Amino acid sequence: QVQLVESGGGAVQPGGSLRLSCAASGFTLESSGILWFRPAPGKEREGVSCITGSDGSTYQAGSVKGRFTISRDKALNTVYLDMSALKPEDSGVYYCAGAGPLGTTTLKAMCFMATAKRTIHENFNFWGQGTQVTVSS
């Protein structure tokens, strides 16, 4: 029943912008965490941005800090990733993953590990099909 659906990807030139959406069903953002991740060199998963639904705390990987912004809309049960100043190395399939319901402290730690340490906890166990982002000239 739990489902996450990503949308908003596309092809853009370097320096361009995109807004990705992650629509959640089967669970609410409250008491949950949502992580955006993408492939990295060596097929490693890189957590790029994370948000806790309860208090809206946000976390970003160093590679995207200052360029990507994550936000949530509780009414629509949707999380957004606003990407700007896109670079070719940002290309890839972007997925959103959900974790919860869990306590806020736990979710904050999980978001930190996923974005700062590139360690995605197994509790981020629901994700969608992804949306393709291609940045090229």
Side-chain angles (χ1 to χ4, degrees):
Q1 186 179 37
V2 174
Q3 185 175 359
L4 297 173
V5 179
E6 302 94 335
S7 63
V12 298
Q13 296 182 347
S17 301
L18 286 172
R19 165 172 270 202
L20 306 185
S21 297
C22 174
S25 61
F27 73 104
T28 63
L29 296 179
E30 192 74 23
S31 300
S32 299
I34 297 293
L35 169 73
W36 285 99
F37 69 91
R38 67 188 183 189
K43 300 181 180 180
E44 183 181 23
R45 293 178 177 180
E46 178 186 17
V48 299
S49 195
C50 195
I51 188 169
T52 57
S54 58
D55 64 358
S57 297
T58 61
Y59 304 79
Q60 294 76 226
S63 60
V64 305
K65 190 171 295 183
R67 300 189 298 117
F68 290 12
T69 301
I70 190 169
S71 62
R72 75 198 198 283
D73 188 321
K74 291 184 178 180
L76 297 178
N77 215 43
T78 299
V79 170
Y80 303 98
L81 184 66
D82 290 298
M83 306 182 294
S84 63
L86 284 164
K87 306 174 181 179
E89 52 263 44
D90 293 321
S91 297
V93 180
Y94 282 68
Y95 300 87
C96 61
L102 292 167
T104 299
T105 300
T106 298
L107 291 171
K108 288 181 175 180
M110 291 169 56
C111 279
F112 173 79
M113 292 298 295
T115 57
K117 304 297 182 180
R118 200 172 288 187
T119 301
I120 301 177
H121 197 281
E122 64 181 7
N123 281 345
F124 283 111
N125 57 354
F126 299 105
W127 61 89
Q129 296 298 310
T131 184
Q132 177 71 50
V133 172
T134 303
V135 185
S136 65
S137 59

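Just so you know, these numbers come straight off a predicted model, no measurement behind them.
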**Study point:** Non-hydrogen atoms of D73 and L29 that approach each other most closely
**Key:** O-CD1, 4.0 Å
Revision key, fill the gap. In short, salt bridge (Lys or Arg N to Asp or Glu O under 4.0 Å) pairs touching residues 121-137 with sequence neighbours left out are none
Exercise for review: State plainly whether one hydrophobic cluster holds both I51 and Y59, where clusters connect Ile, Leu, Val, Met, Phe, Trp and Tyr through side-chain heavy atoms under 4.5 angstrom apart.
Suggested key: no
**Study point:** E89: side chain to side chain donor-acceptor pair (under 3.5 Å) partners, not counting sequence neighbours
**Key:** none
Point to revise | Worked verdict on N123 versus M110 for side chain to side chain contact (heavy atoms under 4.5 Å, CB included) | key: CA-CA 9 Å; N123 281 345; M110 291 169 56; 3.5 Å; yes
Point to revise | disulfide bond (SG atoms under 2.5 Å apart): pairs with one or both residues in residues 72-110, sequence neighbours excluded | key: C22-C96
Point to revise | CD-NZ distance between E30 and K74, expressed to the nearest 0.5 angstrom | key: 4.0 Å
**Study point:** Where at least one partner belongs to residues 75-114, residue pairs that pass ring pair (Phe, Tyr, Trp, His ring centres under 6.0 Å), sequence neighbours excluded
**Key:** F37-Y95
Check your understanding: Between atom CE of M83 and atom OG of S49, what is the distance when rounded to the nearest 0.5 Å?
Key -> 10.5 Å
Practice item. Decide whether I120 and V93 are clustered together by the hydrophobic rule: side chain heavy atoms of Ile, Leu, Val, Met, Phe, Trp, Tyr closer than 4.5 Å, transitively. Key: yes
Practice item. Please name all residues satisfying side chain to side chain donor-acceptor pair (under 3.5 Å) with T106, sequence neighbours left out, ordered by chain then number. Key: none
Exercise for review: Look at the side-chain heavy atoms of Ile, Leu, Val, Met, Phe, Trp and Tyr, link any pair under 4.5 Å apart, and say whether L18 and V79 land in one connected group.
Suggested key: yes
Name each donor-acceptor pair under 3.5 Å that joins a side chain in residues 124-137 to protein atoms two or more places apart or in another chain, with its distance.
residue: T131; atom: OG1; partner: G9; partner atom: N; Å: 2.9
residue: Q132; atom: NE2; partner: T134; partner atom: OG1; Å: 3.4

Review point. Between N77 and A24, is there a donor-acceptor pair closer than 3.5 Å when you use the side chain of the first and the backbone of the second?
Key: yes
Review point. Which pairs pass disulfide bond (SG atoms under 2.5 Å apart) with one or both residues in residues 102-137, sequence neighbours excluded?
Key: C50-C111
Check your understanding: Tell me the side chain to side chain donor-acceptor pair (under 3.5 Å) pairs involving residues 6-18, sequence neighbours left out?
Key -> none
Exercise for review: Could you list the residues that satisfy side-chain contact (heavy atoms from CB on, under 4.5 Å) with Q3, not counting sequence neighbours?
Suggested key: V5, S25
Point to revise | salt bridge (Lys or Arg N to Asp or Glu O under 4.0 Å) partners of residues 12-29, not counting sequence neighbours, each pair once | key: R19-D82
Revision key, fill the gap. dist L4:CG -> L35:CG (nearest 0.5 Å) comes out at 11.0 Å
Point to revise | Distance (rounded to the nearest 0.5 Å) between L20 CG and T78 OG1 | key: 12.5 Å
Practice item. Would you please name every residue forming a salt bridge (charged side-chain N to carboxylate O under 4.0 Å, His left out) with K87, sequence neighbours left out? Key: none
Check your understanding: So R72 and S32, side chain to side chain contact (heavy atoms under 4.5 Å, CB included) or not? Walk me through it.
Key -> CA-CA 11 Å; R72 75 198 198 283; S32 299; over 6 Å; no
Review point. Taking atom CG of L107 and atom CD1 of I34, what is their separation to the nearest 0.5 Å?
Key: 9.5 Å
Point to revise | Validation row: R38, V64 side chains within 4.5 angstrom (heavy atoms) | key: yes
Review point. Considering residues at least two apart in sequence or located in another chain, which fulfil the salt bridge (charged side-chain N to carboxylate O under 4.0 Å, His left out) criterion with R67?
Key: D90
Exercise for review: Answer yes or no: is there a side-chain heavy-atom contact under 4.5 Å between W36 and T115?
Suggested key: no
